[in-house]
Amino acid sequence: MNKKRETGWNVIISPQAEKAIKKLIPREQARVRSVIDTMEPGKPGQIDLKKMPELDLWRLRIGRWRAVLHIDFKKQIVWMLDFGARGDVYK
């Protein structure tokens, strides 16, 4: 899924991450999509985003869920590579 967000950031969700999000109950899906739709990685404090040590990847925390992201700050593009429960997504 590729969609230009209201924040100006372009978010591209991999098929694997999209499939994992669709498995959530509707309330959790709405919560995850709300965070994705409104996130601005360039503005610290809005979302729980951390750089993963020694990798060119970022971790986005949404409650007990985690998303693994690659972010191009210059082009304002976010690629969501994977999504899942905290203990499983990093494997």
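Summarising the geometry of I62 relative to R31, their closest heavy-atom pair is C-NH2, 4.1 Å, with the distance given to 0.1 Å.
A search for side-chain hydrogen bond (donor to acceptor under 3.5 Å, both in side chains) contacts involving Q16 returns D82, not counting sequence neighbours. For the side-chain hydrogen bond (donor to acceptor under 3.5 Å, both in side chains) test, residues two or more places apart in sequence or in another chain that qualify with R61 are D48.
With contacts defined as side-chain heavy-atom distances shorter than 4.5 Å, the pair K51/D56 qualifies. Annotation: side chain of R59 is not in contact with side chain of V68 (no heavy-atom distance under 4.5 Å). Counting only heavy atoms from C-beta outward, the side chains of F83 and R66 never approach each other to under 4.5 Å. Contact annotation: the side chain of L60 never approaches that of V78 to less than 4.5 Å [non-hydrogen atoms, C-beta and beyond].
In this structure, CE on M39 lies 8.5 Å from CH2 on W9, to the nearest 0.5 angstrom. With rounding to the nearest 0.5 angstrom, the CG atom of L57 is 9.5 Å from the CD1 atom of I71. The distance from atom CE of M80 to atom CG of L69, rounded to the nearest 0.5 Å, is 5.5 Å.
The closest donor-acceptor contact from the side chain of S34 to the backbone of A30 lies at 3.5 Å or more, if one exists at all.
Applying the side-chain hydrogen bond (donor to acceptor under 3.5 Å, both in side chains) test to residues at least two apart or on different chains, the pairs with a partner in residues 19-29 are E28-W65.
Hydrophobic clustering (side-chain heavy atoms under 4.5 Å, transitive across Ile, Leu, Val, Met, Phe, Trp, Tyr) keeps I21 apart from I25. Using a 4.5 Å cut-off between side-chain heavy atoms of Ile, Leu, Val, Met, Phe, Trp and Tyr, with links allowed through other members, F73 and I36 fall into the same hydrophobic cluster.
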